[in-house]
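Inspection log for the structure reproduced underneath, given as structure tokens.
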Amino acid sequence: MHKKYTAEVFIRRFIFSLNAFFIGFPCFFIGIVGVHNGISFPFLRFLHILPMPEEMDTNQAFYFILGVLAFFATVIFLIMIYGWLFDVYSNRYLKIMVAVGCCCGIPNAIFCLWIGTMAVGIGLLILPAVILSIYLTGWYFWNRNDEEIQQF
């Protein structure tokens with residue numbers, strides 16, 4: 001049985017996604033902007049707006065890669081929320097994008113939950129966004145549109 005999409009469903013989804021995003025915002029901000037030895041901005045360096053240091057050690061390269069992955073995971077997370085809010089049925093493109101978002105988000109979520117919680121205590125703020133992203137991944141991969149439902 002397919003549930004009907006109503007304004008009440010939209011409002012509930014909107015409030016839940018806004019709460020999950022704003023609770024986890026410090027982790028998103030640290031992941032994307034990230035300050036390590038002064039100014040970091042890993043995504044801007046990825047785009048070559050800021051010069052990358054010539055001699056980047058392993059630790060700096062690790063944080064740089066995590067920052068770039070965090071940016072892609074955040075953008076894909078926002079696209080997933082948008083599709084969920086407006087009940088966009090998944091297609092092959094969205095499923096590939098969700099899979100890429102999972103690959104980008106899993107290392108950052110593990111790093112934020114493990115290191116961020118031990119060092120700062122702020123890492124647990126990412127937990128609502130992680131739970132929502134796991135739910136949305138399942139929603140995109142197992143959500144069927146009306147044509148697929150009528151075939152069964």
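In this chain, residues are counted from 1 in sequence order. Hydrogens, waters and symmetry mates play no part in the numbers below; they use all other heavy atoms, side chains included.
- In terms of hydrophobic clustering, with Ile, Leu, Val, Met, Phe, Trp and Tyr side chains grouped at heavy-atom distances under 4.5 Å, Val100 and Trp139 are assigned to a common cluster.
- Within 6.0 Å of the CZ atom in Phe141, the count of heavy atoms belonging to other residues, nucleotides or ligands exceeds 12.
- Here CG of Leu136 is found 11.5 Å from OG of Ser90. Values are rounded to the nearest 0.5 Å.
- The two residues Pro107 and Leu69 come nearest to each other via the heavy atoms CG-CD1, 4.4 Å.
- Both Val9 and Tyr135 sit in one connected hydrophobic cluster of ILVMFWY residues. Membership requires side-chain heavy atoms under 4.5 Å apart, directly or through other members.
- Linking ILVMFWY residues whenever their side-chain heavy atoms come closer than 4.5 Å, directly or via other members, places Ile134 and Ile76 in the same cluster.
- At a threshold of 4.5 Å between side-chain heavy atoms, the hydrophobic network of Ile, Leu, Val, Met, Phe, Trp and Tyr places Ile106 and Phe72 in two separate groups.
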Worked check of side-chain contact (heavy atoms from CB on, under 4.5 Å) between Thr137 and Met80: CA-CA 8 Å; Thr137 301; Met80 287 169 58; 3.8 Å; yes

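- Considering all non-hydrogen atoms of both residues, Gly24 and Ile126 come closest at O-CD1, 4.2 Å.
- Atom OH of Tyr93 has 12 or fewer neighbouring heavy atoms from other residues, nucleotides or ligands inside a 6.0 Å radius.
- To the nearest 0.5 Å, atom OG1 of residue Thr6 and atom CG of residue Asp87 are 10.0 Å apart.
- Side chain of Tyr140 to backbone of Val98: no donor-acceptor contact under 3.5 angstrom is found.
- Side chains of Tyr82 and Leu78 form no contact here, defined as non-hydrogen atoms less than 4.5 Å apart.
- At a threshold of 4.5 Å between non-hydrogen side-chain atoms, the residues Trp84 and Ser17 count as touching.
- Contact of the Leu132 side chain with the Ile81 side chain is registered, since non-hydrogen atoms from C-beta on lie closer than 4.5 Å.
- Residues Gly101 and Ala73 come closest through the heavy atom pair O-CB, 4.2 Å.
- One hydrophobic cluster, built from ILVMFWY side chains closer than 4.5 Å, holds both Phe14 and Ile79.
- Here the side chain of Asn108 pairs a donor or acceptor atom with the backbone of Cys104 at under 3.5 angstrom.
- Residue-environment remark: CZ (Phe10) exceeds the threshold of 12 foreign heavy atoms within 6.0 Å.
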